[in-house]
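Written out below as structure tokens is the structure these notes cover.
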Amino acid sequence: MTLFDKIVSRELTQNEAIDLLRQWRENNERKSNEIAMIHMFYDIYSGKISANERLMLKEQLIFASLDVHDLLTEFQIDFLLQEFPASMRVMRYKAMVREAKEKYDEALEILDYIIKADETNAPARKRRIAIFKAQGQITEAIKELVDYLKKFMSDVEGWQQLCELYLSVGELQRAVFCAEEMLLHQPHCHFHHQRVADIRYTMGGVENMELAKSYYCQALKLNPENMRATLGLFLTTTNLLNHYKSSGNSAKRKEAWKLSQWTQTKAAKRTATKKIKLTKMLLNLAITE
Amino acid sequence: MSSFHKIIVFVGYISLFHSAFSAAQHRSYLRITSQEFTTLPLDIVVQAVASLFAVMWGVLNIAGNLREIPAAAELNTLTWETQYNMPSFAIFNHRGKAVNQSKYVPSSGKAELENTEL
């Protein structure tokens, strides 16, 4: 029985539902359909929640219902607007409804108004960029985002988005810069190391392969369970082995060979129960000459 | 469960103090009867050691869950899905449209793109 079925058949208690919502909020999970369903099937506002949490729940619901295109949520926003008449935050949600209805010009108008009233309103600026993204104007979005990051340099999410946008237009050199910026903000997060390595591997060339190898190794050092990094390291070392075979650098070749063997045993251990010849599959995947 | 451990700690402390008190009593008894002090009686030693371990065990359980030694261990429980979910850049023109709107008509394919006159 999936979680979704459990929600619909009302198997959770009210407190469990509230806890679930709280957990998703804290973990930054999207799960919009589930959130909307919980709001539909449970009367969570009658539970034990503080006034603060009530508003957070409402916000979560508004976001989720926009995601599943339940545009009745506009009433909710109007109620909030009555409660907080001059709130920029509620105004932003109004803009988001316009966005979901694909009335992008109106949404931009509202957002421009917010930015004019409050220059430091970062979320509104981010929404502007999201609108360009939704319209498919990637270059425009990149330009706006670069502008935004000049003003708000410590925004990891912004760098992350810029990295994704650069990747989507194939500007790997710039994407790698953004990924490194993220790495500087959260040096202990293995995902960022893995991301840099992924991009370096995609760029190709011996120098990038060596860099990718180091970053994958660091990611694995931080989290030995990271399967993607394990497989990435395997592909990188296989590639390097091929290169060193032809150029005859024996010391480096030996090192790459050792790493390759190590990742193979590691990957084999993880997939031992699944009876797949993972290493064989990987060898087919690897870029060879 | 934690109330059980609290009781263990409480009883353990009392028993520990009791054994200390007994030891002091034993010394004063020896002094009064003017005997030479060699070792403490076995029961006092056993009581002291046992109650020490009881207190240690109780405190460990009360203090809450132990944390991992590596600094990044908490980050390792994250998944790519949550780490790379960017709510403030989320866009809404995706397949969610088809979930809730009964009047939603999917586009008929590439032909439609070519015919649009904007």
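From a predicted model like this one, the values you see are computed outputs, not experimental measurements. Labels below follow one simple rule: chain letters A, B, ... track the order of the sequence lines, proteins then strands, and each chain is numbered from 1.
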Compare all side-chain heavy atoms of [X] with those of [Y] and state whether any distance is below 4.5 angstrom.
| X | Y | value |
| --- | --- | --- |
| Gln83(B) | His192(A) | yes |
| Thr82(B) | Arg30(A) | no |
| Glu81(B) | Glu29(A) | no |
| Phe89(B) | Leu165(A) | no |
| Glu164(A) | Tyr84(B) | yes |
| Glu157(A) | Pro87(B) | yes |

Could you check whether atom [atom1] of [X] has more than 12 heavy atoms from other residues, nucleotides or ligands sitting under 6.0 Å from it?
| X | atom1 | result |
| --- | --- | --- |
| Phe10(B) | CZ | no |
| His185(A) | NE2 | yes |
| Arg25(A) | CZ | yes |
| Lys6(A) | NZ | no |
| Phe75(A) | CZ | no |
| Phe53(B) | CZ | no |
| Tyr13(B) | OH | no |

Could you check which of [options] has the highest count of heavy-atom pairs closer than 4.5 Å to chain B?
| options | value |
| --- | --- |
| Glu99(A), Arg127(A), Lys133(A) | Arg127(A) |
| Glu225(A), Arg195(A), Arg228(A) | Arg195(A) |
| Ala134(A), Ala36(A), Ala130(A), Pro187(A) | Ala134(A) |

To the nearest 0.5 Å, tell me how far [X] [atom1] sits from [Y] [atom2].
| X | Y | atom1 | atom2 | value |
| --- | --- | --- | --- | --- |
| Arg92(A) | Ser88(B) | CZ | OG | 8.5 Å |
| Ile91(B) | Ile129(A) | CD1 | CD1 | 13.0 Å |
| Asn28(A) | Met86(B) | CG | CE | 10.0 Å |

Contact part of [X] toward chain B, heavy-atom cut-off under 4.5 Å: side chain, backbone, both or neither?
| X | answer |
| --- | --- |
| Asn33(A) | side chain |
| Phe132(A) | neither |
| Ile131(A) | neither |

Any donor-acceptor pair under 3.5 Å from His69(A) side chain to Phe92(B) backbone: yes

Under-4.0 Å salt bridge between Lys97(B) and Glu102(A):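 Result for this pair is yes, salt bridge flagged.
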
Which atom of Phe191(A) lies closest to which atom of Thr79(B), heavy atoms considered: CZ-C, 3.5 Å

